[in-house]
Every structure is written in structure tokens, then in C-alpha cells.
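Naming convention: chains lettered A, B, ... in sequence-line order (proteins, then strands); numbering from 1 in each chain.
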Protein chains: 2
Amino acid sequence: MKLTPLAERFVLHFGEMGSRWGVNRTVGQIYALLYISAKPLNADEIGDVLEFSRSNVGIGLKELQAWRLVKLVHLPGDRRDYFEPPKDVWEIFRVLVEERRRREIEPTLSLLRDAMLEQPGSEEDRVAQAKMRQMYELIELTTGWLDEVQRLSPETVINLMRMGAKVQKLLDFADRLKFGRKDDGKGDLP
Amino acid sequence: MKLTPLAERFVLHFGEMGSRWGVNRTVGQIYALLYISAKPLNADEIGDVLEFSRSNVGIGLKELQAWRLVKLVHLPGDRRDYFEPPKDVWEIFRVLVEERRRREIEPTLSLLRDAMLEQPGSEEDRVAQAKMRQMYELIELTTGWLDEVQRLSPETVINLMRMGAKVQKLLDFADRLKFGRKDDGKGDLP
DNA sequence: TTAGAATTCCAGTAATTACTGGAAATCAAA
DNA sequence: TTTGATTTCCAGTAATTACTGGAATTCTAA
């Protein structure tokens with residue numbers, strides 16, 4: 001089996017991009033192939049199309065499962081493992097955010113927490129701890145916000161995003177109405 | 001010169017984390033060192049503390065400059081190049097978001113745009129194009145929103161983040177007031 | 001329980017990426 | 001200019017990471 005030129009370009013691109021995210025070329029290509037595939041694929045089909053060894057495909061699929069970017073499914077009357085990505089692109093986005101956070105952010109937060117608790121042994125340590133605290137607070141704020149956003153429905157998030165910076169103006173407006181002020185000097189709705 | 005245990009832990013951690021972002025251990029360590037340092041450092045000092053060869057430090061610093069994560073500064077009466085990160089942690093955050101977008105997102109958007117314009121050669125191509133369009137729309141929405149947020153002041157962004165999901169409720173509230181409705185069935189402020 | 005099909009593991013090898021030391025180039029002050 | 005200090009470039013080498021094919025294991029249906 002062979003890829004159409006369109007599919008091939010997509011697959012190769014994700015192979016290259018994979019290396020910029022913590023996954024290798026193989027893994028990127030396998031994911032891209034599954035993403036645009038009309039139906040779930042098994043390891044043999046993937047290896048056949050991408051010309052990877054059977055083992056290499058196996059390893060790649062295991063890594064994608066660890067990322068929760070592909071799911072194992074079974075087809076009736078077929079013992080082999082088939083794989084497909086989550087149906088909804090928002091679901092994929094959510095999983096990506098969660099996994100990156102778990103792998104990259106949480107260990108850093110934990111290190112920063114420990115480091116901040118330590119008794120500084122010198123003036124340099126005191127400066128270093130202050131910088132670490134700044135970083136910690138920024139990450140805490142951002143991830144806390146992400147947590148809250150993830151609780152909203154995709155539709156709500158889409159709406160909020162479509163509003164963009166208008167949110168701030170609307171909030172000013174609501175604020176004024178709520179507290180019955182005439183004008184707070186911060187401008188108005190368009 | 002030698003690092004305090006506190007600084008060393010931080011530096012080593014960022015070395016490991018570097019590999020999960022597209023930079024190598026060396027680059028991660030150099031950045032971490034500069035970040036917690038009380039004053040700008042030159043290449044010799046960095047190589048001395050981290051025990052890297054002079055060239056290796058040079059390459060690492062060049063990469064960090066390409067990421068705009070460190071700035072070149074000069075000290076009066078000293079010809080050597082000194083380096084320091086942007087002062088404000090929010091500035092660092094902004095730069096990181098921008099650079100990752102430029103390197104990882106823009107090339108993908110460009111590929112997707114091209115691919116979507118092509119005449120599908122088969123049913124598979126049509127399916128693939130539909131998936132690509134979904135991905136494209138999600139990325140467009142998200143990056144467009146990011147653009148708008150980046151125009152706000154850090155203080156405003158901090159405030160919005162602190163509000164978290166309350167934003168949605170406040171917006172419903174503003175919406176109702178604005179259009180003079182008694183109740184739209186979507187709930188109320190707490 | 002067994003045969004056959006599929007998956008996982010593993011050791012050796014290939015490919016890639018990172019690092020070093022020295023040589024060349026650049027730069028600023030004299 | 002020239003000199004001395006500093007930075008950049010480069011080729012060879014080391015280290016890491018990825019890949020392969022086969023062997024061992026697991027699993028299911030008969």
C-alpha cells in the first residue's frame with residue numbers, strides 16, 4: 001500500500017515536527033498517518049505504508065498510547081490490535097495540554113517548591129530563590145487558569161476565544177453596571 | 001567557581017527538561033544558570049561553572065539568542081560579551097510563546113493551508129483533507145486568541161486568569177443586563 | 001491444551017547529535 | 001596598522017538515540 005502525495009506530505013511534516021516536541025520522527029509519522037486515516041490501522045498496515053520495521057512500529061504505538069494520543073480498538077472477527085486517535089480534535093488538544101503539563105510542568109513545580117523551602121546558604125542563593133519564586137508564581141497562575149478553562153465545555157471555550165480581547169471590555173462594562181458607577185475612567189464598550 | 005547545591009539542582013533539572021523542549025542539555029543548563037544568576041555572565045564564567053568547553057558554551061549561547069531567551073550586554077570597560085535573560089518573567093513567557101509558535105505552529109499552518117487547497121485525488125484524500133481542516137480551524141482559533149491576549153497588559157492578563165471560569169458567568173451577567181432580559185436560563189452569578 | 005497468530009523484548013548495528021580543541025577570523029585599543 | 005584578546009568556525013571523535021531482525025512470550029480459538 002502507498003500513500004497519496006497529499007497524505008505523504010502531511011505525514012513527513014509531522015515526522016519532522018515530532019522532533020521539536022519530545023517524540024521522534026517515527027512516532028510523529030505514525031500519529032499523522034492515524035490522524036488522517038479514514039479507519040483504524042494495525043501495526044502491519046502502518047509498517048507497510050511507512051516502511052518501518054514491525055518492532056519500530058510497535059515501539060512507536062506504545063509511546064503514542066502513553067501520550068494517550070491513540071486508542072487501541074478491536075475490529076469484530078480480527079484478533080489484531082488496531083489504533084485510532086480520539087475522534088474529536090478538541091479532545092486531542094485537551095489530552096496534549098494535560099500530558100505536556102504532567103511531563104514538563106509538574107516536575108518543575110515540584111523542584112521549585114522544594115528549592116523555595118530551603119534555607120538559603122548565601123546571598124546568591126537568596127537571589128536564586130527569588131527568581132525561582134517568580135517562575136513558580138507564573139506557572140501556578142497559568143496552570144490554575146488552565147484547570148478552570150478545561151472544566152468549561154468546548155463550545156464555551158470557543159465562544160470565549162472568539163471574543164478575544166473584547167472580554168476585558170465587556171468585563172469593565174459589567175463591573176460598572178454591577179456597582180452602579182457612572183464612569184471609572186477605564187474606557188467603554190465600542 | 002562552583003555552584004551552591006541549591007543552584008546546582010536547578011541547573012541540572014533544566015538540563016534534563018531542555019531535552020523535552022527542542023533544546024539540548026547544555027542549552028538548558030546555560031539558560032538556568034543565567035536565569036538565577038544575580039548578574040550577567042560571560043562565556044568563560046559559564047564554561048567554568050558548568051564545565052563545558054568554551055565552544056560548546058558559544059554554541060549554546062547562540063541558540064539561546066536565537067530563541068531570544070538571553071540578551072547580549074556589555075559591561076563598562078570590558079570587551080567580553082555578557083549574557084542575561086529578560087528581566088521580567090512575563091516577558092520571558094511571552095517570548096517563549098511567540099518563538100514556539102513561529103517554529104512549530106506556523107510551518108504546520110502553512111502546510112495545512114496548501115494541502116487544503118489541493119484537489120483531492122481520492123476518497124481517502126477527501127477524508128484526510130477534512131481532518132486537516134479541523135486541525136487548521138482549531139489552531140487558527142487558538143493562535144488568534146493568543147494574539148489578542150498578547151496585546152493586553154500583563155496586569156490585565158493576570159486579572160483575567162485570576163478570575164478563571166468566573167469570566168463566563170460574568171459575561172452571562174453582562175449579556176443579560178445589556179439586552180435587558182430578565183433571565184435567559186443560563187444560570188446566574190454566585 | 002495446543003497450534004497458530006500476534007505482540008513484546010532484546011542485543012547488535014546504524015544513524016544522528018553533541019562535544020572538543022585548535023585554527024581562523026573579528027574586533028578594539030594603542 | 002599591529003597586537004592581544006575574544007569569538008566563530010570546523011573537522012574529528014564521543015555519546016546518545018533510533019532501528020532492525022530474530023527470539024521469547026502472550027493470547028485466542030479450536
Side-chain angles (χ1 to χ4, degrees), chain A residues 1 11-12 14-34 39-67 69-84 103, chain B residues 1 11-12 14-34 39-67 69-84 103:
Chain A
M1 198 173 122
V11 164
L12 291 179
F14 271 74
E16 296 317 314
M17 280 301 158
S19 6
R20 303 205 179 168
W21 292 61
V23 303
N24 66 34
R25 196 158 29 79
T26 319
V27 173
Q29 290 191 11
I30 295 174
Y31 180 73
L33 176 63
L34 289 171
K39 54 175 188 18
L41 301 175
N42 65 43
D44 280 323
E45 292 168 331
I46 294 169
D48 187 27
V49 171
L50 300 180
E51 300 181 294
F52 296 149
S53 77
R54 192 54 201 68
S55 326
N56 205 4
V57 174
I59 294 167
L61 285 170
K62 247 172 85 173
E63 184 159 356
L64 286 171
Q65 283 177 283
W67 273 92
L69 283 174
V70 301
K71 299 187 297 192
L72 177 60
V73 293
H74 282 110
L75 269 48
D78 190 333
R79 249 168 65 192
R80 286 172 297 183
D81 294 350
Y82 283 77
F83 297 90
E84 65 178 7
R103 292 157 192 250
Chain B
M1 199 174 122
V11 165
L12 291 179
F14 271 75
E16 296 316 315
M17 280 301 158
S19 8
R20 304 205 178 165
W21 292 61
V23 303
N24 65 36
R25 196 159 28 79
T26 319
V27 173
Q29 291 191 10
I30 295 174
Y31 180 72
L33 177 63
L34 289 170
K39 54 175 188 16
L41 302 176
N42 65 42
D44 279 323
E45 291 169 330
I46 295 169
D48 186 27
V49 172
L50 301 180
E51 300 181 293
F52 297 150
S53 77
R54 192 53 200 69
S55 324
N56 204 4
V57 174
I59 293 167
L61 286 169
K62 248 173 83 175
E63 184 159 355
L64 285 171
Q65 283 177 285
W67 273 92
L69 284 174
V70 302
K71 300 187 296 192
L72 177 60
V73 293
H74 281 111
L75 268 48
D78 191 333
R79 247 167 69 193
R80 287 170 296 182
D81 293 350
Y82 283 77
F83 297 89
E84 65 178 6
R103 292 158 192 247

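- In this structure, the separation between CG on L61(A) and CG on N56(A) is 10.0 Å, given to the nearest 0.5 Å.
- Atom pair D44(B):CG and dT7(D):P shows a separation of 7 Å (rounding to whole Å applied).
- Atoms NE2 and CZ, on H74(A) and R80(A) in that order, are 10.5 Å from each other to the nearest 0.5 Å.
- In this structure, CZ in R54(B) is found 10.5 Å from CD1 in I59(B), a value given to the nearest 0.5 Å.
- If you check every strand for non-hydrogen atoms under 4.0 Å, D81(B) touches sugar and phosphate atoms only.
- Taking atom CD of residue E63(B) and atom P of nucleotide dT8(D), one finds them 14 Å apart after rounding to whole Å.
- Contact between the side-chain N/O atoms of R80(B) and the OP1/OP2 oxygens of dT7(D) is not found at any separation under 4.0 Å.
- Here CG of N24(A) is found 6.0 Å from CD of E63(A). Values are rounded to the nearest 0.5 Å.
- In 5' to 3' order, the nucleotides of DNA chain C bounding all contacts with chain B (an atom under 4.0 Å from a heavy atom) are dA18(C) to dA28(C).
- In this structure, the separation between CG on L41(A) and CD1 on I46(A) is 5.5 Å, given to the nearest 0.5 Å.
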Please report the C-alpha distance between L64(B) and F83(B) in whole Å, then the side-chain angles of each, then the deciding distance to 0.1 Å, and finally whether the side chain to side chain contact (heavy atoms under 4.5 Å, CB included) criterion is met.
CA-CA 10 Å; L64(B) 285 171; F83(B) 297 89; over 6 Å; no
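- Taking every heavy atom of both residues into account, L50(B) and V11(B) meet most closely at CD2-CG1, 3.7 Å.
- Atom-to-atom distance recorded for D81(B):CG and L75(B):CG is 11.0 Å, nearest 0.5 angstrom.
- Taking atom CD1 of I59(B) as the reference point, atom P of dT8(D) lies 11 Å away to the nearest angstrom.
- One interatomic measurement links the two molecules: NE2 of H74(A) to P of dC27(D), which rounds to 11 Å at whole-angstrom precision.
- A close approach under 4.0 Å does not occur between any side-chain nitrogen or oxygen of K62(B) and OP1 or OP2 of dT7(D).
- Residue order along DNA chain D, read from the 5' end via each residue's closest nucleotide, puts T26(A) first among T26(A) and R79(A).
- Toward the 5′ end of DNA chain C lies the nearest nucleotide of A43(A), the other residue of the pair R25(A) and A43(A) mapping further downstream.
- Distance alone, capped at 3.5 Å, is enough to place a donor-acceptor pair between the E45(B) side chain and the N42(B) backbone.
- In the helix from dT1(C)-dA30(D) to dA30(C)-dT1(D), the rotation axis of the first five pairs and that of the last five pairs differ in direction by 40°, rounded to 10 degrees.
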